[in-house]
Amino acid sequence: SVFDLYSQPPRKDIWSSGFETFDSYISGGFAKKECVSVLSATGRGKTSLLCNFAVSALRQGLNVSFVTLEMSENIIQQRTDAILSGASIDMIASNTEIQQDVLKQRMKLSNRGASYVVKYFPRGTLSIEALTTYYDRYAMDYGYYPDVAIVDWLGCLKLSGDLDKK
């Protein structure tokens, strides 16, 4: 029947996006080994959404890798800290009390086993092969592959061979 597609076995190892309504549309959240693409026009909040996903994964004790081909590591970390603390980047920068709170929250996540590694690659320098090498080196350095790998911005990925011509 047409509804046989709804009789699939339950997905395992689900982690919440951090957005309850969104999760309800995708059967509870993201599943291990799923590949998800977020697409929209420039300046619509894709990176902010990905930072929110990263914070949600961290709060669930997952190890997160955030590869950026658009913004510096510092900017991504600032955005993540703002989401984590609920304070604006400007407030964090000007208030040592909030900075201490951010450090405590980061420590609490670390104590739960969550890690967050942000890596910047300049536009046009990262290929699929180089990304694979990066994650293999990541696994050697940390002793595991990340639970969640976020790559922002795939449009800046360097294509190899005949793909560059297409």
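Throughout, residue positions are numbered sequentially from 1 according to the sequence presented.
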Distance check, rounded to the nearest 0.5 Å: [X] atom [atom1] versus [Y] atom [atom2]?
{"X": "Asn52", "Y": "Ser17", "atom1": "CG", "atom2": "OG", "answer": "9.0 Å"}
{"X": "Thr80", "Y": "Ile89", "atom1": "OG1", "atom2": "CD1", "answer": "9.0 Å"}
{"X": "Phe53", "Y": "Leu49", "atom1": "CZ", "atom2": "CG", "answer": "3.5 Å"}
{"X": "Phe121", "Y": "Tyr134", "atom1": "CZ", "atom2": "OH", "answer": "6.0 Å"}
{"X": "Lys104", "Y": "Ser85", "atom1": "NZ", "atom2": "OG", "answer": "13.5 Å"}
{"X": "Asp136", "Y": "Asp141", "atom1": "CG", "atom2": "CG", "answer": "11.0 Å"}

Is it true that [X] and [Y] fall in one hydrophobic cluster, defined by side-chain heavy atoms closer than 4.5 Å?
{"X": "Val38", "Y": "Ile26", "result": "yes"}
{"X": "Leu109", "Y": "Ile83", "result": "yes"}
{"X": "Val117", "Y": "Leu69", "result": "yes"}
{"X": "Tyr116", "Y": "Tyr144", "result": "no"}
{"X": "Ile128", "Y": "Ile150", "result": "no"}

To check you understand the geometry: which heavy-atom pair defines the closest contact between [X] and [Y], and what is its length?
{"X": "Ile14", "Y": "Ser27", "result": "CD1-O, 4.4 Å"}
{"X": "Val118", "Y": "Gln77", "result": "CG2-OE1, 4.1 Å"}
{"X": "Glu73", "Y": "Lys119", "result": "OE2-CA, 3.4 Å"}
{"X": "Gly29", "Y": "Asp23", "result": "CA-OD1, 3.6 Å"}

Can you check whether Glu129's main-chain N or O pairs, donor with acceptor, with Thr133's side chain at less than 3.5 Å?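 A pair under 3.5 Å: yes.
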Return all side-chain donor-acceptor pairs below 3.5 angstrom for residues 60-68, not counting sequence neighbours, or 'none' if the list is empty.
| residue | atom | partner | partner atom | Å |
| --- | --- | --- | --- | --- |
| Gln60 | OE1 | Ser16 | N | 3.0 |
| Gln60 | NE2 | Ser16 | O | 2.8 |
| Gln60 | NE2 | Ser56 | O | 3.0 |
| Gln60 | NE2 | Ser56 | OG | 3.0 |
| Asn63 | OD1 | Ser115 | N | 3.0 |
| Asn63 | OD1 | Ser115 | OG | 3.0 |
| Asn63 | ND2 | Asp147 | OD2 | 3.4 |
| Ser65 | OG | Tyr135 | OH | 2.9 |
| Thr68 | OG1 | Glu70 | N | 3.2 |
| Thr68 | OG1 | Met71 | N | 3.0 |
| Thr68 | OG1 | Met71 | O | 3.0 |

Who pairs with [X] by side-chain contact (heavy atoms from CB on, under 4.5 Å), at least two apart in sequence or on another chain?
{"X": "Ser40", "result": "Arg44, Lys46"}
{"X": "Ala93", "result": "none"}
{"X": "Ser48", "result": "Arg79"}

Give the intermediate values and the outcome of side chain to side chain contact (heavy atoms under 4.5 Å, CB included) for residues Asp81 and Gln105. CA-CA 9 Å; Asp81 287 344; Gln105 289 188 54; over 6 Å; no
Tell me, please, which residues at least two apart from Tyr145 pass ring pair (Phe, Tyr, Trp, His ring centres under 6.0 Å).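 With neighbours one apart ignored, the set is empty.
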Answer with yes or no whether the side chains of Thr47 and Asp152 bring together a donor and an acceptor at under 3.5 Å.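 Asp152 vs Thr47: donor-acceptor pair found between side chains.
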State, yes or no, whether a side-chain contact exists between Leu58 and Arg112 at a heavy-atom distance under 4.5 Å.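 A side-chain contact is absent here, since even the closest heavy-atom pair is not under 4.5 Å.
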Is the shortest heavy-atom distance from the side chain of Ile75 to the side chain of Tyr120 under 4.5 Å?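 No. Closest side-chain heavy atoms not under 4.5 Å.
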Test question: given the 4.5 Å side-chain rule for I, L, V, M, F, W and Y, name all other residues clustered with Ile98, or answer none.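 Same cluster as Ile98: Met91, Ile92, Val102.
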